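Shown next, in structure tokens, is the structure this report addresses.
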Amino acid sequence: MSSVVIHEREQDDLDVERYSKRSRLEETASAEGSNDKPTEAIEAAGDQHILPPSHALLGIPLPVASEDAAMNFLETDVGISEYIGRGVPKIEGIIKQRFTDFLVYEMDQDSNVIHIKSLDKPASPKKEPAPKPEVQSKTDGEDVVMQDAAETAVREAELTEGEKAEPVPEEAVASKNAKGKAKDDEPWPEHFTTTLSSFLSENAISDVKKMYLEGPEPPRISDSGWGGRPPRPEGASEDPNVIQEPVQMEPEPEKVEKSKRGRDRGRGGRGGRGGRGGRGGGREDTRRVLSDPITSKETRTALHQVVRELFAGKLDTETDSTAPTSDEGSRIVIKWGRRGGGRGGARGGRGGRGGAGGERTPRGTYPPYIHFTLQKTNRDTQDALGHLSRTLHVSVKDLSVAGTKDKRGVTVQRVSLKRNGKTVEDVWRLVNCQNGRRTPQEAVTQRGERGIRIADFNYRKASLELGMLKGNAFVITLRSVKVDSVETLHTALNIVKTKGFINYYGMQRFGTASVPTHSIGLALLKSEWQKAVSMILQKRHGEHPDVGLARDAWLVDGDLDKALELMPRRVVAERCLLESFKKQGGDTRNAMGALSTIPRNLRLMYIHAYQSYVWNAIVSERIRTYGAEKPVAGDLVFEAPEVEEKMAVDDDEPPAEDKADEAEEEPSSGYRKKSRKPYIAPRIKTLTEEDLPKYTIFDVIMPLPGTDVAYPGGALGEKYREYLQMDGLDPDNFVRKQRDYTLNGSYRAILHLPKELSWSVLRYTDPDVALAQADEDKLLGFDAPVVVEDGKFMALQINITLGTASYATMALREITKTETSSHFQTGLTNAAEDQKYRGADSGAAVEEEVNEEITEEIEAAVEEE
């Protein structure tokens with residue numbers, strides 16, 4: 001009987017971006033002592049335990065590794081020790097025994113749960129003689145979203161690659177806009193209006209909405225003559241009523257005379273392959289929305305930042321300089337951002353950079369992004385995106401998601417692709433037909449290969465960004481459940497439903513190998529570069545044989561070339577270090593430079609893991625000392641809870657470069673990196689006895705250590721300092737010379753209350769028979785799970801919806817009072833009585849088939865850190 005290995009992988013938004021571009025090795029080396037033998041650093045630290053020194057404050061013994069076994073960490077080793085329902089008896093159950101025991105469905109910003117709706121091949125909109133209002137009423141909430149004023153008219157004019165754009169009749173555009181405007185609410189979610197209502201009047205919000213839905217170019221107004229044409233590429237507008245925008249000067253091309261056409265023609269040219277398309281060829285945009293006078297500088301600053309966040313930089317804000325100064329305050333101007341503007345260079349061929357940040361498409365073409373639904377089985381999110389990038393022949397940076405999902409399970413989420421000329425038909429065929437290895441008929445009658453299925457395609461104007469979701473809905477099946485009574489089940493579940501659970505960072509945050517990620521993070525924060533390198537390269541028990549051989553080649557034999565030859569490319573951090581050593585001729589002294597070649601998100605994962613460890617430990621201290629029923633004096637809360645939800649400050653610590661400039665006059669320029677929200681430091685209140693009746697336990701927050709956070713009062717604040725000081729850190733100084741390792745800090749609620757929670761008790765005999773069904777299997781017509789009324793074993797199926805940044809495994813921990821670490825769950829699986837009945841039902845063959853199909857590639861994707 002083969003053992004079932006549980007690899008929990010509930011990732012969050014700052015998890016490893018495996019396939020991101022590696023940064024260049026810093027030329028200015030940090031010269032540390034020579035490390036001629038790679039094992040010396042590890043041997044030198046032999047007397048020092050790999051866990052942080054502050055582990056002693058947890059009051060538990062250090063874990064010990066034997067020669068032939070890994071050093072297995074438990075929840076208590078990362079600060080997870082308390083429960084809300086302490087007196088409820090333990091419920092034994094196995095988590096994630098099968099992939100379909102853990103189903104995850106993303107919930108978008110409008111609280112819609114994402115499911116696969118159709119496996120059929122999509123079709124781009126076809127050309128029609130005239131728009132019909134009833135067509136729009138039949139469309140789904142995620143319909144095609146088109147660009148500019150001609151957005152709906154494009155649905156009638158399909159343009160395949162190589163076809164020339166046909167002009168859209170302006171009368172049709174005006175008619176379509178007039179008829180469809182009321183129903184075109186998808187680009188303007190309700191929370192836009194709610195958020196802006198704190199700053200703008202109803203009329204101003206209406207004007208902003210109208211301007212935003214019109215698109216970045218003002219709509220054309222037909223005058224049956226020359227007036228509707230764009231002005232000349234050079235020279236100012238002759239209309240005295242047009243307010244001229246200042247034109248930002250750009251550097252001249254190196255040698256314009258190199259080519260009179262195409263890519264080297266420069267600003268305002270017709271483009272060819274990549275003409276820059278300067279503003280000279282575009283129509284002037286005089287659309288502006290003015291706020292009422294605002295006296296408070298803080299309010300004006302907040303408005304700048306809210307507009308930048310809501311519209312992802314598409315709209316700009318600036319202080320109105322045309323109005324005279326008055327005591328009533330200043331007005332804020334809201335307008336479309338200028339990102340290269342104009343249509344001059346975008347009109348000619350591929351790659352033209354005219355338009356919004358190089359992403360605005362000419363009239364008559366589809367929007368620049370394709371959104372689709374991804375279902376993945378037993379693959380982490382970045383691994384799945386890497387697979388898609390190879391299949392679609394695009395950079396992985398062209399793919400974006402709103403959040404990362406668990407590895408071991410079946411998860412469904414939306415993905416955006418910068419299409420670069422591809423149509424929805426192209427994307428469907430390349431992925432689901434595996435570049436021709438499958439026929440279209442096979443693609444809709446068989447499971448997706450390699451555990452990947454994509455469906456439900458739409459053209460969109462913008463990409464997804466991290467954080468663009470409300471949470472996740474889970475269908476979790478616990479197997480081999482043992483409990484003293486059904487009443488105990490209901491009691492435990494009702495506690496979570498009404499009182500929530502402790503919002504711990506789960507075990508997967510700290511890795512599953514014998515070198516925990518938070519220990520590496522502490523070394524990075526202390527600038528112990530050689531120690532960090534040694535821990536990353538250190539051999540782990542039970543890892544993939546290929547990786548073990550590669551580590552031995554370096555650590556034992558000192559053979560750098562052989563180590564690189566053997567080290568799989570999926571093991572990103574180790575390969576980065578070894579490749580940097582090779583570039584330095586085998587010299588390992590520049591450890592800091594070598595570490596800088598590891599993708600930034602992976603390095604951030606290490607230091608965020610250390611923050612999470614400290615947070616877990618302090619929250620356990622808070623619950624142990626004061627309970628989990630109500631706030632106490634010294635607790636921290638947000639001063640404005642309604643604003644806190646919009647800021648999503650508990651997701652993760654914002655990088656230093658994303659901290660918003662406090663100067664209100666700095667407009668929202670729209671040049672921010674994708675997936676980066678502006679950081680707004682929230683206002684924090686330390687509760688006094690008089691404040692306690694105004695707040696509940698769900699308002700209480702705890703900081704993740706950093707420069708911009710307040711620590712709780714009293715003994716808990718002192719405990720924070722004790723942990724950090726014992727680990728060799730200054731609680732008041734997290735600024736580092738290496739900017740990536742500077743921590744601002746952030747906040748996280750100590751308890752989380754599920755948005756929805758329901759459950760049912762099932763019976764089964766064969767552990768290989770699925771008790772829940774994924775979307776793809778339903779649409780393929782596979783037999784639905786059948787509950788065996790007289791089954792030998794009990795299962796508990798839980799439907800739970802959680803907000804962002806919360807771990808479902810921590811909710812399960814509160815319900816079962818059972819350790820959630822992967823090695824502990826593996827032991828439960830191997831010892832479970834239901835394993836004796838594997839294969840008793842032939843219905844297990846379906847899932848076994850997909851297991852066999854993806855085993856080889858899935859093993860190659862197992863996390864090695």
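As a basis for the values below, the full set of heavy atoms in this structure was taken, side chains included, without hydrogen atoms, waters or symmetry mates. Predicted, not measured: the structure shown is a model, and the values here were computed from it.
Distance alone, capped at 3.5 Å, is enough to place a donor-acceptor pair between the His752 side chain and the Gly803 backbone. Side-chain atoms of Tyr720 come within 3.5 Å of backbone N or O of Pro703 as a donor-acceptor pair. A side-chain donor-acceptor contact under 3.5 Å links Thr742 to the backbone of Arg736. Formation of a donor-acceptor pair under 3.5 Å by the Asp110 side chain with backbone atoms of Asn112 is not found in this model. The backbone N or O of Pro367 sits less than 3.5 Å from a side-chain atom of Arg419, completing a donor-acceptor pair. No side-chain donor-acceptor contact under 3.5 Å links Tyr695 to the backbone of Leu636. When atom types are taken as modelled, the side chain of Ser291 and the backbone of Ile332 share a donor-acceptor pair closer than 3.5 angstrom. In this structure a side-chain-to-backbone donor-acceptor pair under 3.5 Å is missing from Ser206 to Glu202. The backbone N or O of Ile598 lies less than 3.5 Å from a partner atom in the side chain of Arg603, making a donor-acceptor pair.
The distance from the CE atom of Met468 to the CZ atom of Arg414 is 11.5 Å, given to the nearest 0.5 Å. Here the CE atom belonging to Met702 is positioned 11.5 Å from the CG atom belonging to Asn503, to the nearest 0.5 angstrom. Taking CH2 of Trp336 as the start and CG of Asp316 as the end, the distance is 10.5 Å to the nearest 0.5 Å. Taking CG of Leu729 as the reference point, atom CZ of Phe734 lies at 5.5 Å (rounded to 0.5 Å). Rounding to the nearest 0.5 Å gives a distance of 10.5 Å between CG of Asp699 and CD1 of Ile750. Taken from CD in Gln109 to CG in Leu469, the straight-line distance is 7.5 Å, to the nearest 0.5 Å.
With a 4.5 Å cut-off on side-chain heavy atoms, Leu743 and Pro705 do not count as touching. The shortest distance between side-chain heavy atoms of Met211 and Asp285 does not fall below 4.5 Å. In this structure, the side chains of Leu374 and Thr381 stay at 4.5 Å or more apart for every pair of heavy atoms. Here the side chains of Arg300 and Ser330 are in contact, with some heavy-atom distance below 4.5 Å. The closest side-chain heavy-atom distance from His304 to Thr319 is below 4.5 Å. Looking at heavy atoms from C-beta onward, Arg509 lies in side-chain contact with His608 at the 4.5 angstrom threshold. Counting only heavy atoms from C-beta outward, the side chains of Thr801 and Val113 never approach each other to under 4.5 Å. Put simply, the side chain of Tyr610 reaches to within 4.5 Å of the side chain of Leu724, judged on heavy atoms.
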task = Could you give me the CA-CA distance, side-chain angles and deciding distance for Val709 and Leu704, then say whether side-chain contact (heavy atoms from CB on, under 4.5 Å) is met?
result = CA-CA 8 Å; Val709 298; Leu704 282 88; over 6 Å; no
request  = Apply side-chain contact (heavy atoms from CB on, under 4.5 Å) to the pair Tyr505 and Gln611, showing each step before the final yes or no.
outcome  = CA-CA 10 Å; Tyr505 287 97; Gln611 287 179 297; over 6 Å; no
key: Verdict with supporting geometry, Ile684 and Phe638, side-chain contact (heavy atoms from CB on, under 4.5 Å)   = CA-CA 5 Å; Ile684 303 302; Phe638 290 111; 3.6 Å; yes
message = Leu716 vs Ile618, test: side-chain contact (heavy atoms from CB on, under 4.5 Å). Steps then yes/no.
response = CA-CA 7 Å; Leu716 285 180; Ile618 300 299; 4.3 Å; yes
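Shown here are the side-chain contact (heavy atoms from CB on, under 4.5 Å) partners of Thr193, two or more places apart in sequence or in another chain: Trp188, Glu190, Ile205. With sequence neighbours left out, the salt bridge (charged side-chain N to carboxylate O under 4.0 Å, His left out) criterion links Lys685 to Asp691.
Across His371 and Ala462, no two heavy atoms sit closer than the pair NE2-O, 2.8 Å. For the pair Pro293 and Gly329, the tightest heavy-atom approach, listed with the atom from each and the gap, is CB-O, 3.8 Å. Taking every heavy atom of both residues into account, Pro631 and Leu687 meet most closely at CB-CD1, 3.7 Å. Heavy atoms only, all atoms of each residue included: Tyr369 and Ser463 are closest at CE2-CB, 3.5 Å. The two residues Gly521 and Ile607 have their closest heavy-atom pair at O-CG2, 3.7 Å. Contact detail for Val415 and Val401: the closest heavy-atom pair is CG2-CG1, 3.8 Å.
With respect to the salt-bridge test (charged N to carboxylate O, under 4.0 angstrom), the residues Glu106 and Lys405 qualify. Under the 4.0 Å criterion applied to side-chain N and carboxylate O atoms, Arg600 and Asp740 are assigned as salt-bridge partners.
Below 30°, between 30° and 60°, or above 60°: for Tyr366 and Tyr459 the angle between ring planes is below 30°, a parallel geometry.
Applying salt bridge (charged side-chain N to carboxylate O under 4.0 Å, His left out) to Glu318 and the options Arg308, Arg331, Arg288, Lys335 leaves one that passes, Lys335.
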